[in-house]
Amino acid sequence: QSISLFGGVDTIFLDMLCVQDMTSELVKEIVTNPKIKRVMIPIQSQDDRLLKLMNRHNTAQEAENLFKFINRERPDIFLELNRHISCCNL
């Protein structure tokens, strides 16, 4: 919110916003602030078991619901979802 108050700031790009860190206040700012044009959110897994093992505090369904909500409320925003792929012995 405070970035929007700087004079001359017309466009805001938000990068690397983890689903588990998306507060209701931040989501509200994303969908109501017309200066926010692009949001990049990394997807670390769509498997709840893996998310839990990686100490993530969200489920795959919560992530999907978040993306759908932002897209529904701000269809003009560029919503970039980055898939993170890694191998491990789990």
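Since the model is a prediction, treat every value here as computed from it, not as a measurement.
Looking at residues two or more places apart in sequence or on another chain, you find a side-chain contact (heavy atoms from CB on, under 4.5 Å) between Asp47 and Ser45, Arg49, Leu50. Residues passing the side-chain hydrogen bond (donor to acceptor under 3.5 Å, both in side chains) test with Glu80 are Arg38, sequence neighbours excluded. With sequence neighbours left out, Asp76 forms a side-chain hydrogen bond (donor to acceptor under 3.5 Å, both in side chains) with Arg74. Legend: residues meeting side-chain contact (heavy atoms from CB on, under 4.5 Å) with Ser24, ordered by chain and number and at least two apart, are absent. For Asn65, the side-chain hydrogen bond (donor to acceptor under 3.5 Å, both in side chains) partners two or more places apart in sequence, or in a different chain, are Gln61.
Within the structure, the salt bridge (Lys or Arg N to Asp or Glu O under 4.0 Å) test picks out the following pairs touching residues 51-65 (sequence neighbours left out): Glu64-Lys68.
Contact of the Phe13 side chain with the Val39 side chain is not registered, since no non-hydrogen atoms from C-beta on lie closer than 4.5 Å. The closest side-chain heavy-atom distance from Val19 to His57 is not below 4.5 Å.
Note that the CG atom of Leu66 and the CD1 atom of Ile41 stand 5.0 Å from one another [nearest 0.5 Å].
Contact detail for Asp21 and Leu26: the closest heavy-atom pair is O-CD2, 4.4 Å. The minimum heavy-atom distance linking Ile30 with Ile36 is given by the pair CA-CD1, 3.8 Å. Contact between Asp10 and Lys37 at its shortest, heavy atoms only, is O-CE, 4.2 Å. When all heavy atoms of Phe67 and Leu79 are compared, the closest pair comes out as O-CD2, 3.7 Å.
Without hydrogens or angle criteria, Asp48 side chain to Ala60 main chain gives a donor-acceptor distance under 3.5 Å.
Hydrophobic clustering of Ile, Leu, Val, Met, Phe, Trp and Tyr side chains at less than 4.5 Å, counting indirect connections, keeps Met22 apart from Phe78.
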